[in-house]
Amino acid sequence: MSEQVVNAGHDLGEQYDFAAIQNRWLPIWDELAPFRSGDPSDVRPKKYVCDMFPYPSGDLHMGHAEAYAIGDVIARYWVLKGFNVMHPIGWDAFGLPAENAAIKNNLDPGEWTYANIEQQKTSMRNYACSFDWDRVLYTCDPTYYRWNQWFFLEMFKRGLAYRKFSAVNWCPNCQTVLANEQVVAGLCERCDAAVTKKKLAQWYLRITDYADRLLADMDQLEGQWPEKVLLMQRNWIGRSQGAHVHFAIEGRDEPVMVYTTRPDTLYGATFFVVAADSDLAAELAAGTEAEAEFNTYLDKVKASSEMDRLDSGKVKTGVFLHRYAVNPVNGEKIPVYAADYVLADYGTGAIMAVPAHDQRDLDFARTFNLPVTVVVESETDPLESGIATADDGPHINSGPLDGMGKAEAIEAMITVLGERGTGEPTTNYRLRDWLISRQRYWGTPIPIIHCDKCGEVAVPEDQLPVELPSTEGLDLSPQGVSPLATAADWVNVACPTCGGPALRDTDTMDTFVDSSWYFLRYADPNNSTAPFSSQSVNEWLPVDQYVGGVTHAILHLLYARFWTKVAYDMGLVTFVEPFTRLLNQGMVLKDGSAMSKSRGNLVRLTDELDSNGVDAIRLSMVFAGPPEDDIDWAEVSPSGSRKFLARAWRLSGDVTSEPGVDSSTGNPELRKAVHKAVADAEQSIESMRFNVVVARVMELVNVTRKAIDSGCGPADPAVREAAEAVAIMLSVVAPYTAEDMWSRLGHEPSVARATWPVVDPALLVQDSVTCVVQVAGKVKERLEVSPNIDAAELEKLALGSEAVVAALEGRGIRTVIVRPPKLVNVVPD
RNA sequence: GCUCGAGUGGUGGAAUUGGUAGACACGUUGGACUUAAAAUCCAAUGAGCAGUAAUGUUCGUGCGGGUUCAAGUCCCGCCUCGAGUACCA
């Protein structure tokens, strides 16, 4: 029966019961609230960890679980390191899903939204996210969106918000404008109808004014943001250096400007192309014999829309307009075409075509049998090979440019054009102004009143917020105009300027507006007189660590950076970049693809939490691999995580020394293992290798187990030191288990208030190291040597080794490479 | 098409400045405990060859070259996969 005594530690009462542990600590944490960050007397240095806030489309899913597990590791780590960490949460609560759900179930979008938020909030509490619940915000709350309106009006005053007619994406089926991101391969994301263009008056924010600063300030982010994201932003902004060149058009008074990055190839321009859907094309075609043909073509282009342009291959189409442009350098008359391969809204909507050195122009030239003039020497003839050359090389057929290289020729041509007044250098961008109006109900009303006499009038600040009208009596279904237009009582107002009858703007703002500055609001979430106080924001920001999916690599992050720069210009903040460091976590997949109900590979987070517990799921998320990699849930083992947690937890029951025992008297071997593990874990956590952190803690658990069972025994102070280190380090990933361990080790809650173990450098020094001895690069011997061994001694030792002598087989020694204390390589003749 | 990034055991993944490839896990196999199962614990586990065994030995980080005493790591050329972008002049 003595066995039962030995096994006492493994009795049923001592089983690791994750559900019981969760239930035990959750209410206590509510009470202790260890993650409050708003105490003004708090003297700890500040850190700001921000997770991208969720959209309340339902309960939390596996993707949230990964993202919030990762953000939590960082936040909790900095708390243990002695920082006052702001780790807030809020909800990106405006948007179309709420509106669709409301239409479907005939209820208020707000009801649906807040119900989902409550559910997510409950799940987050259970998931043990270290959020500061005093800082919660909801973007659909008038106390938040009133500041969207305030910012909008500030930008309006500064000329950064403006209204213009332009062609926008239009879904003829849904009868509504679509955002660019809602157009997938030319089709409406929701109904798969072909998206067309429609001209509408829309509000824009002048983000293009900030293009250069958005590019330049990326230097600050180098090394702190994923290189991939910076690259995507650079491509998106798409700055290019080139020149405007003026072409006279026969029979037209004004010359037409084209944009080109290769003014040096001007002598090779053999035709001229205007975008088929541009005003200029219509003007040039009017009254010519090509007019009918052009109109037919234009109709086709408009109807075919995005979809056909994508998969119609590379066959170029166009119409000769029976007009001629004059090449400003050689006076040559070149034919003018309208074609859809030239875009109306990039550059000037017209190009000089240089088929020898531009692939698209060459394709067009070959289709329409247009001449090809080579002006940069190349080995192959583009007309024959079908491949345009864009390489550097000596210029030919180019008058004064002959013999020059590309860079020189570009400069020379720009000088020539400048002297003649037919061109000038210019910079062009791919980035367009940000279209923010949406014909939707569930968003921030645009605070503008349209008056016949006074035009666009800002709603006076004391009348903000312009709240959404009640949905009572409103038809939210797609009508082609915003549902707000039908709320007669709301729309009809007196003009703030003249008092005459006027109409409210009925569009609402893009929800990307909400997310462009919410991270600023967290610093001062309840401010009712300003979006935030500059003092709080400048104290907490910029965000030290921003965590979120790579799906937002361009839009959200670009808009947020833009907004921050505007706030800087307004004198509200003292920094120009909002997010010092960015981490893009991967996605959670199942069987190699994104989870979805229709695919039948959906993993329900609640099921996973029920079967293995919160900690095991968090641990699985973190341990699966580097945070930026995707996780295939079919390849992780949450039950394995649970087993490890049980193993770690059991340590806390085995320790028999008292809390506060002097660890310096403990077993030196184990102590070294502890301090090595802490040092390694710390280094890994700082460099975001959280999976490696877990591995180090696992190793420590393993050696501690061995020490208890077959080493120094459970009473050794080093065992306590080890178990406490495990509890503290584990608390960043598995807070419930760690908290319970901490308590079983005789400490007061919460482990979140403990301090990350301090590494004693003396314990990192090893008594001996394994030195590898190679002969011809192959390992032949391993020697245990002192870490301070000198090269001569080590060489002597290595050469004297039997295995080395044997491996040499009597050959002479050419050289010996000695790298004390870890390696010797003997190179034989 | 263009621009990036990545290829390491059966699987996920480790590996400062080039210096013991495969840490830590999952899975698998065998064993202990149990009436049994679960749980737990212990052991083995890159592949091949030789040997009863200890062990020895060869190969091995997508493929082919190169630099080096030494290459997963650096250089050149390919292949494959993934991501972004879509005629941006």
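Just the heavy atoms: all of them, side chains too, but no hydrogens, waters or symmetry mates, feed the values below. Letters A, B, ... mirror the listed sequences (proteins, then strands); counts begin at 1. Please read all numbers here as calculations on a predicted model, not as lab measurements.
Using a 4.0 Å heavy-atom cutoff across all strands shown, A:Ser637 reaches sugar-phosphate atoms only and no base atom. Residue A:Lys778 is in sugar-phosphate contact alone, with no base atom involved, counting any heavy-atom pair closer than 4.0 Å across all strands shown. No contact: A:Arg642 has no heavy atom under 4.0 Å from any strand.
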Which pairs of donor and acceptor atoms, one on a side chain in residues 221-228 of chain A, lie under 3.5 Å apart (sequence neighbours left out)?
residue	atom	partner	partner atom	Å
A:Glu222	OE1	A:Arg234	NH2	3.2
A:Trp225	NE1	A:Phe579	O	2.8

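Residues passing the ring-ring contact (aromatic ring centres under 6.0 Å, His included) test with A:Tyr297: none are found, sequence neighbours excluded. The ring-ring contact (aromatic ring centres under 6.0 Å, His included) test applied to A:Phe623 returns no partner, not counting sequence neighbours. In terms of the side-chain contact (heavy atoms from CB on, under 4.5 Å) criterion, residue partners of A:Asn327 (sequence neighbours excluded) are, by chain and number, A:Phe247, A:Leu266, A:Ala269, A:Val329, A:Asn330, A:Glu332. Residues satisfying the side-chain contact (heavy atoms from CB on, under 4.5 Å) criterion with A:Ser593, sequence neighbours excluded, are A:Arg599, A:Asn601. Every residue meeting the ring-ring contact (aromatic ring centres under 6.0 Å, His included) condition with A:Tyr337, not counting sequence neighbours, appears here in chain and number order: A:Phe320, A:Phe364, A:Phe368.
With both ends at atom C1', the span from B:A14 to B:C81 equals 22 Å, rounded to whole Å. For the C1' atoms, the distance from B:A86 to B:U73 is 35 Å, rounded to whole Å. Rounded to whole Å, the separation between the C1' atoms of B:U80 and B:G62 comes to 7 Å. A gap of 46 Å separates the P atoms of B:U17 and B:G31, to the nearest Å. Spacing of P atoms, B:C41 relative to B:A25, comes out at 11 Å, to the nearest Å. B:G48 and B:G60 have their C1' atoms separated by 10 Å, given to the nearest Å. A distance of about 26 Å separates the P atoms of B:A47 and B:A39, rounded to the whole Å. Taking atom P on both B:C59 and B:C63, the two are 15 Å apart, rounded to the nearest angstrom.
Candidate nucleotides B:A15, B:A89, B:C87 were compared by shortest atom distance to the side chain of A:Arg689, and B:A15 ranks first. Closest to the side chain of A:Lys780, from the set B:U57, B:A89, B:A83, is B:U57. Minimum atom distance to the side chain of A:Lys316 is reached by B:C87, of the listed B:C87, B:U85, B:G13. Among the nucleotides B:U40, B:U3, B:A89, the one closest to the side chain of A:Arg650 is B:U40.
Between A:Tyr346 and B:A89 there is a side-chain N or O to OP1 or OP2 distance below 4.0 Å.
Residue pairs satisfying the salt bridge (Lys or Arg N to Asp or Glu O under 4.0 Å) criterion with at least one member in residues 616-644 of chain A, sequence neighbours excluded, are listed as follows: A:Asp72-A:Arg618.
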Under-3.5 Å N/O pairs linking protein and nucleotides 18-25 of chain B:
residue	atom	partner	partner atom	Å
B:G19	O6	A:Arg819	NE	3.3
B:G19	O6	A:Arg819	NH2	3.3
B:G19	N2	A:Asn825	ND2	3.4
B:U20	O2	A:Arg782	NE	2.9
B:U20	O2	A:Arg782	NH2	3.0
B:A23	O2'	A:Glu699	OE2	2.7
B:A25	OP1	A:Asn702	ND2	2.6

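The OH atom of A:Tyr429 sits 13 Å away from the P atom of B:A89 (whole-angstrom rounding). Distance A:Arg705 CZ to B:C41 P: 8 Å, rounded to the nearest Å. Summarising the geometry, the separation between CG on A:Asn612 and P on B:A39 is reported as 12 Å, rounded to the nearest angstrom. Regarding A:Lys228, its NZ atom lies at a distance of 11 Å from the C1' atom of B:A6, rounded to whole Å. The CG atom of A:Asp345 sits 14 Å away from the C1' atom of B:A86 (whole-angstrom rounding). Whole-Å rounding puts the A:Leu589 CG to B:G12 C1' distance at 13 Å. Atom-to-atom, CG of A:Asp591 to P of B:G12 comes out at 13 Å; the value is rounded to the nearest Å. Separating the NZ atom of A:Lys643 from the C1' atom of B:A39 is a distance of 9 Å, rounded to the nearest angstrom.
For the atom pair CG (A:Asp340) and NZ (A:Lys300), the distance works out to 8.5 Å, reported to the nearest 0.5 Å.
If you find the closest nucleotide of RNA chain B to A:Arg814 and to A:Ile351, the one lying nearer the 5' end belongs to A:Arg814. In terms of position along RNA chain B, the nucleotide closest to A:Ala776 lies nearer the 5' end than the nucleotide closest to the other residue of the pair A:Ala776 and A:Asp361.
When atom types are taken as modelled, the side chain of A:His552 and the backbone of A:Leu557 share no donor-acceptor pair closer than 3.5 angstrom. Proximity of a side-chain donor or acceptor of A:Asp433 to a complementary backbone N or O of A:Ile207 within less than 3.5 Å is detected.
For the strand RNA chain B, secondary-structure stems (runs of at least three Watson-Crick or G-U pairs, all distances below 3.5 Å) span B:1-7 with B:79-85, B:10-12 with B:24-26, B:27-32 with B:40-45, B:46-50 with B:55-59, B:62-66 with B:74-78.
Base orientation of B:G62: anti, since the glycosidic angle falls outside 90° of 0.
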A:Val376 and A:Thr389: CA distance, side-chain angles, deciding distance, side-chain contact (heavy atoms from CB on, under 4.5 Å) verdict: CA-CA 8 Å; A:Val376 180; A:Thr389 59; 5.5 Å; no

